[in-house]
Each structure stands twice: as C-alpha cells, then as structure tokens.
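Structure record follows, encoded as structure tokens.
Residue numbers begin at 1 in each chain, while the letters A, B, ... track the order of the sequences.
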There are 2 protein chains.
Amino acid sequence: MEKKDGKRRDKALSRDQVISAAIAILNESGESGLTFRTLAQRLVTGPGAIYNHVRNKEDLLAAAADVMIQSALSVNRDELAPDAAIRAVALDVFDIIDAHPWVGTELSRAPWQPAMLLIFDRIGANLQALGVPDRAQFHAASTVTNFILGAAAQQAAAIRLHADGAQRATLLSAAARAAIHQDKRSSPFLQRMAGNLTEHDDREQFSAGIDMILRGIRG
Amino acid sequence: MEKKDGKRRDKALSRDQVISAAIAILNESGESGLTFRTLAQRLVTGPGAIYNHVRNKEDLLAAAADVMIQSALSVNRDELAPDAAIRAVALDVFDIIDAHPWVGTELSRAPWQPAMLLIFDRIGANLQALGVPDRAQFHAASTVTNFILGAAAQQAAAIRLHADGAQRATLLSAAARAAIHQDKRSSPFLQRMAGNLTEHDDREQFSAGIDMILRGIRG
DNA sequence: ACCTGAACACCGTTCAAGT
DNA sequence: ACCTGAACACCGTTCAAGT
C-alpha cells in the first residue's frame, strides 16, 4: 500500500491522517494487526509521534469506529417509511460489521461512544413518525441500539473465529458443540434448536430480530 | 484473601481450582488484574503450570464467565408465568454483570460461548408457554439474547469507566458530552434525549427493553 | 504427568533529546 | 510544537529442565 497523499513529505502529520492509517491497517489485518509500531511504520515516523494526535489506543479505536459508522450511515433514508428507515439503519450497521468485524468489537468496548450515539440518534429520529409516545422514545431507541450492539459483537466474534479457523466455516466451535451435546435433559430448548444454530443465516436472524422489536416498540 | 481449601499443599492442581482462583482475582481486581503471573502467584506455582489445565486465556475467561452465569441462573423459575420467567432470567444476568462487570465484557468476546448458550436456552425454554409459534422461537430467543448481550456490554463498560474515573459518577464521559453538544442540527433526537442520557436508571432502562421485546415476540 | 521459571516475542506508553 | 526512538514496565505463551 502506498501513502494516500503526498502531505507527509513536508512533515505535517494530522489526527485525520493517523486515524485514516489506523483504519487502513484495521481493515487489512484486523485488530491484532494494529499496534503503535505498525501504525508508526505506515506513517513513516516513531511510535511516540502518534501520541501528539490521539490520547491513547482506546481514543484511536473509538475515533476509527466513528468514521466507519458515519460513513455507513451517510446514505439519506428520509424518503423511507419510519419502520423501513429503522430497518435500513440497522442493516447498514450490520453490513459494515460483516465487512469489517473490528468495528463491531469496538462498538461495545466503550460506553457513550460517538459511533454508538450516532446509531442511537438515527434510530430515534424515526420513532416520532412511527407513533411511539414521547415518554417511550428513549427506551425504544436504547432497546434497538442495545440489540444492534449485541448482535454486532456476536457477528464480529463469529467472523474472527472464521478468519483464523479456516475450514470450520458454518460449524459451531468445538466448545459450543460440546455444550449442545452434554446435558441433554437440562437444556431441551438448546437441543431442539441445534439445527438452527448450525444452519441459520446471520443476516436473516438479525433482520428478524429488528422486526420483532419494531412490533414491540410500536406498542 | 486466604486459599479456599487446603488441597494445594499436596500439589494437586485442578482445572476447577484454576478457574476459581481466576474468578476470585477478576471479582477483586477486574479484568486488568488477571494475568498468568498474578494467577500463578495465588496458586503458588509458576505461570506455565496453568497451561496444563486451560488451553489459553480465552478458554480461562470463557470458563470463568460460564461459572458465574450458571450460578446466576441456578434459581428455579418454573413457578413463574413465562413472561415473568424471561424477565427474571434477564434481570439475573443484568444483576450479576452489575456486580461483576468483567462477566459482561467476556460474554460478547467469544461467540457460541457456553455462558451465552445457557442464557439462550433459559430464555427459549419459556417461549412455548408464551405462545410463540415453533418456527419463530429461534429468532425470538436470539433477539432477547442479543439485546441482553448488548446491554451487558454497555453496562460493563460504563461501570469500568466509573471505577477508574471516580468522581464523574452519573455524568457522561467527556467524549459523549462533546458529541451531544456539537452538531445540534444534525442530531435532533440525541439533543432531545440529552436529559434522559445523563439521568436515566440503567436497570429500569434494561427492564423496559425486555418488556418491549416481549410485546414484539408475542406477535 | 505435572510443575517450574527463565526466556521469547511481543505490547502500550513515556520521555529525554533533538529539530 | 512536534518528532524520534530508546527505554520502561509490562503481557501471553513456550519449553527445557526438573520431580
């Protein structure tokens, strides 16, 4: 990968450049690929220089995730009906995490993260038109957001497992298979769902979850 | 803290002992307090010995979380109506994470984790009695579980912030306050909810979320 | 078979010294 | 004011050597 622009030769290093370089590394190599040393190398500087532009690694990851979510939610959904708009926002988040799992991991690492608040806002913006009473809108938006965060973290973790596991593909991890096959009497529901667990489509499962919650928040 | 039993003097180190010691450290000092060195010190052995009983740190954390969730869900809820039972299971999980935030962080780190499957099973076990059609039960259980995982991760992260931030108490972090106060035009919903964000009760918010989802999965 | 603990290959972060 | 990069204080994990 070449540097994106020529600004570096005159020694001007900016916060945006640092974050962009971090995103590039994260998208190429995942979370484990991003260290202050690899990042400094890409920016042709020393690791200490990065601290002039971000407070620490947590700050860097939060800023990177915010850029990704902003980009994923930049499509205008104003012409959609409120329930379709909420579904669209949720699926936009799902798709960016499916493509870049590190975003999903990061979303639930810090609370009150800009990226998380942006999702919360975009969901909430459609509740009035959906007919949700004013006093219920805060809980409704937080319910949808928490569902998205939980599903995002699971999806990110599942993809991470895929990535370095290679051949197991759609199979559950060994630990889960063990859990399913032990205790046949004490977990009848899990036994009954074993087929769905191994064969379901993650995106369809996510979409169905949003639909159920929408039915519920509508009252 | 003294060792829990006298078994160690005769050199018998078991997987259960390793996991119990790890849980003790996690509950006392949080995730950052648990290293193979501190754990080995508590077990009066070398760090390498631990690898005879757990595969790696990920395996150790998953096993520790499973013990905590099993204990939190060991209360029998069979006498409750199905919706009350689901609410009780969810609040049991919330409360254990409120008391021991590391459990919430761990739950969404690995997919198909025994602890997560246990929650999924306990939720799902009540869906038949709730009148959810067979074909919708998988999605219903996964929706509730994903909501719980998302809320758990947020709650855990918020408590972690509390712990080392000290005085900020019920205040949002500086980053979130900045996000709320900038872009007043582009995030009207967030602006409108600023008061709720700083003053809401986390447990009540969680409980309201469960209620909304229950209304939705009932169809 | 299990323990021991030094060693390996890393981390994030700091800070004196430069420009 | 910002960069540089060595140094600090750690990590998880491995593995020869012991018992």
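- Judged as a side-chain contact (heavy atoms from CB on, under 4.5 Å), and not counting sequence neighbours, A:Gln41 has no contacts.
- For A:Thr38, the side chain to side chain donor-acceptor pair (under 3.5 Å) partners are A:Thr35, not counting sequence neighbours.
- Remark: A:Ala158 pairs with B:Pro111 by the side-chain contact (heavy atoms from CB on, under 4.5 Å) rule, at least two apart or across chains.
- Counting heavy atoms from C-beta outward, A:Trp102 and A:Leu34 have side chains that stay 4.5 Å or more apart.
- Among residues at least two apart or in separate chains, salt bridge (Lys or Arg N to Asp or Glu O under 4.0 Å) pairs with a member in residues 109-121 of chain A are A:Glu31-A:Arg109, A:Glu106-A:Arg109.
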Using Watson-Crick or G-U wobble pairs with both distances under 3.5 Å, give me DNA chain D in dot-bracket, 5' to 3', with [ ] for crossers and | for pairs to another strand.
||.|||||...|||||.||
Tabulate atom names and distances for all N/O pairs under 3.5 angstrom spanning the protein and nucleotides 1-3 of chain C.
{"unit_1": "C:dC3", "atom_1": "OP2", "unit_2": "B:Asn52", "atom_2": "ND2", "d": "3.4"}

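- Looking at residues two or more places apart in sequence or on another chain, you find a side chain to side chain donor-acceptor pair (under 3.5 Å) between A:Arg15 and A:Asp59.
- Scored by the side chain to side chain donor-acceptor pair (under 3.5 Å) test, A:Ser142 finds B:Gln205 as partners (sequence neighbours excluded).
- B:Ser71 is linked by a side-chain contact (heavy atoms from CB on, under 4.5 Å) to nothing, counting only residues two or more places apart in sequence or in another chain.
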Listing, residues 86-101 of chain A side-chain donor-acceptor contacts under 3.5 Å, not counting sequence neighbours, or none:
{"unit_1": "A:Arg87", "atom_1": "NH1", "unit_2": "A:Asp211", "atom_2": "OD1", "d": "2.3"}
{"unit_1": "A:Asp92", "atom_1": "OD1", "unit_2": "A:Arg77", "atom_2": "NH2", "d": "3.0"}
{"unit_1": "A:Asp92", "atom_1": "OD2", "unit_2": "A:Arg77", "atom_2": "NE", "d": "3.4"}
{"unit_1": "A:Asp92", "atom_1": "OD2", "unit_2": "A:Arg77", "atom_2": "NH2", "d": "2.7"}
{"unit_1": "A:Asp95", "atom_1": "OD1", "unit_2": "A:Arg203", "atom_2": "NE", "d": "2.9"}
{"unit_1": "A:Asp95", "atom_1": "OD1", "unit_2": "A:Arg203", "atom_2": "NH2", "d": "3.4"}
{"unit_1": "A:Asp95", "atom_1": "OD2", "unit_2": "A:Arg203", "atom_2": "NH2", "d": "2.8"}
{"unit_1": "A:Asp98", "atom_1": "OD1", "unit_2": "A:Gln155", "atom_2": "NE2", "d": "2.9"}
{"unit_1": "A:His100", "atom_1": "ND1", "unit_2": "A:Asn27", "atom_2": "OD1", "d": "3.1"}

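- D:dA9 sits 22 Å from C:dA9 when the P atoms are compared, rounded to a whole Å.
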If the sugar-phosphate is the primed atoms plus P, OP1 and OP2 and the base is the rest, what is the B/S/- string for nucleotides 8-14 of chain D, using protein heavy atoms under 4.0 Å?
---BBBB
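- Judged as a side-chain contact (heavy atoms from CB on, under 4.5 Å), and not counting sequence neighbours, the contacts of A:Ser14 are A:Asp16, A:Gln17.
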